[in-house]
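Data first, discussion second: the structure below is written as structure tokens.
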Amino acid sequence: MSADDWVLHVDLDQFIAAVEVARHPELRGKPVVVGGNGDPSERAVVATASYEAREFGIQSGMPLRTAAKRCPDAVFLPVDKEAYEEVSERVMATLRSFPVVVEVIGWDEAFVGARVTDPEALAADIRARVAAETGMSCAVGIGDNKVRAKIATGFAKPGGIYRLTRANWVAVMADRPTDALWGIGRKTAKKLAEAGLTTVRDLGTADPDDLAARFGPTMGPWYRLLAQGAGDTEVTATPYLARSRSRETTFQTDLDDRASVDAQVSALAARVAEDVLAEGRPAVRIGVKVRFKPFLTYTRSLTLPAPTSDRAEIERAALSLLDRFEWTRQVRLLGVRAEFNRDE
């Protein structure tokens with residue numbers, strides 16, 4: 001990369017909630033929660049919450065009933081996937097109207113590769129055009145690679161611009177906890193802390209051989225590089241490809257027998273198989289998620305003998321995974337996931 005090559009990460013603010021507010025302007029400034037069928041008396045989880053709702057401690061993945069208890073005055077709305085996809089496509093088309101390379105990585109975010117002398121000016125133009133043409137607000141992180149750009153967006157939210165590069169990496173990140181890094185979650189951060197590595201500085205200066213011994217020859221050294229801010233600099237215009245397709249169902253009445261579980265998993269697997277066929281890419285791995293009463297969630301997965309789009313094969317694999325769970329509690333949710341080859 002030259003000094004004028006930049007990676008920008010564009011992330012739409014509270015995307016799903018923002019789409020709903022745009023459709024229902026009367027909800028602006030109110031706590032809005034989107035999830036399930038929009039009925040907090042039913043079993044479902046929060047897909048997203050507006051910033052106003054988040055002030056009450058409402059977060060994605062939280063049961064709607066819990067959200068309703070935390071904020072009884074919140075407005076609850078059902079998930080409308082088609083509406084979100086339509087707005088997402090408009091946003092990405094807006095980004096492509098700039099003389100840049102756009103790499104879509106999800107409904108609400110994309111990397112932008114640009115050669116400019118003033119990346120902040122480009123970021124401001126992107127924010128303004130996205131707002132004017134789609135009504136959506138976005139934050140833009142500026143970096144000298146994807147990792148730094150992605151992390152920078154966290155400092156830019158909501159609706160701002162932030163630059164994070166090699167020049168200010170240590171000053172900004174060194175004393176932060178390891179889960180401030182893109183790619184390290186709470187579970188990994190806990191394991192790192194058990195090894196005495198609690199900050200980004202600790203991890204970035206750790207002995208690579210020790211990390212390899214503790215976390216594996218691939219992941220251990222990679223964590224260290226991540227803490228140093230290393231990352232990919234190439235932004236490609238390859239169309240976004242989903243990594244997986246999944247279906248799940250939350251039951252209003254708990255399932256308490258294996259036969260019912262098998263029947264539901266078969267039905268979910270059939271729907272997933274239809275999605276795989278429509279995707280035009282065979283599945284290479286199948287996963288099953290089970291949420292037991294009261295709210296204990298477990299997943300099991302397996303790699304298929306050969307890539308397939310065959311319904312019977314996908315259903316057979318999903319059902320076989322059920323034998324890997326302990327059926328000592330009633331079941332409140334089931335899910336089936338098909339994963340694609342990430343190298344495609």
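Scope of the values below: all heavy atoms of this structure, side chains included, with no hydrogens, waters or symmetry mates. Quick caveat: nothing in here was measured; it's all calculated off a predicted structure.
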- Can you tell me if CZ on Arg285 sees more than 12 non-hydrogen neighbours from other groups inside 6.0 Å? yes

- Query: Mind checking whether Trp182 and Phe111 have parallel, tilted or perpendicular rings, split at 30° and 60°?
  - Reply: tilted

- Query: Is the Phe292-Trp327 ring centre distance short of 6.0 angstrom?
  - Reply: yes

- Query: Is any NZ, NE, NH1 or NH2 atom of the basic residue among Arg271 and Glu274 found under 4.0 Å from an Asp or Glu carboxylate oxygen of the other?
  - Reply: no

- Query: Under 4.5 Å between any side-chain heavy atoms of Glu20 and His24, yes or no?
  - Reply: yes

- Message: With heavy-atom distances below 4.5 Å as the criterion, would you say the side chains of Ile161 and Arg127 are in contact?
- Response: yes

- Query: Any side-chain heavy-atom pair from Glu234 and Thr236 closer than 4.5 angstrom?
  - Reply: yes

- Message: Please check: side-chain N/O of Asn168 versus main-chain N/O of Thr165, any donor-acceptor pairing under 3.5 Å?
- Response: yes

- Do Trp222 and Leu226 have side-chain heavy atoms sitting under 4.5 Å apart? yes

- Query: Hey, are Asp144 and Arg148 close enough for a salt bridge, meaning a charged N less than 4.0 Å from a carboxylate O?
  - Reply: yes

- Apply the test side chain to side chain contact (heavy atoms under 4.5 Å, CB included) to residues Leu12 and Trp107: give CA-CA distance (whole Å), side-chain angles for both, the deciding distance (0.1 Å), then the verdict. CA-CA 9 Å; Leu12 296 169; Trp107 267 355; over 6 Å; no

- Salt bridge check: are Asp80 and Arg23 linked by an N-O gap of less than 4.0 Å? yes

- Task: Let me see the working for Arg115 and Asp5 under salt bridge (charged side-chain N to carboxylate O under 4.0 Å, His left out), right down to the final yes or no.
- Result: CA-CA 4 Å; Arg115 177 165 289 182; Asp5 286 331; 2.7 Å; yes

- Would you list the pairs meeting side chain to side chain donor-acceptor pair (under 3.5 Å) in which at least one residue belongs to residues 46-56, sequence neighbours left out? Ser50-Glu52

- Message: Under a 4.0 Å threshold between the charged nitrogen and the carboxylate oxygen, would Arg65 count as salt-bridged to Glu42?
- Response: no

- How about Leu122 and Leu8: do any of their side-chain heavy atoms sit closer than 4.5 Å? yes

- Query: Sub-3.5 Å donor-acceptor pair from the side chain of Thr199 to the main-chain atoms of Asp202, do we have one?
  - Reply: yes

- Message: Looking at Asp179 and Arg186, is there a salt bridge between them, counting it only when a charged N and a carboxylate O are closer than 4.0 Å?
- Response: no

- Going by an N to O cut-off under 4.0 Å, is there a salt bridge joining Glu248 and Lys289? yes

- Message: Is the ring pair Tyr223/Phe215 parallel, tilted or perpendicular, if the boundaries are 30 and 60 degrees?
- Response: perpendicular

- Assess whether atom CG of Asn37 is packed by more than 12 heavy atoms of other residues, nucleotides or ligands within 6.0 Å. no

- Can you name the salt bridge (charged side-chain N to carboxylate O under 4.0 Å, His left out) partners of Asp262, sequence neighbours left out? Arg258

- Message: Quick check on Arg90: does its CZ atom have over 12 non-hydrogen neighbours (other residues, nucleotides or ligands) under 6.0 Å away?
- Response: yes

- Message: Using a strict threshold of under 4.0 Å (side-chain N to carboxylate O), is an ion pair present between Glu339 and Arg245?
- Response: no

- Salt-bridge contact Arg28-Glu26 (side-chain N to carboxylate O under 4.0 Å): no

- Would Thr94 and Arg129 count as having a side-chain donor-acceptor pair, cut-off 3.5 Å? no

- Task: May I ask you to say whether Glu194 pairs ionically with Lys191, meaning some side-chain N is under 4.0 Å from a carboxylate O?
- Result: no

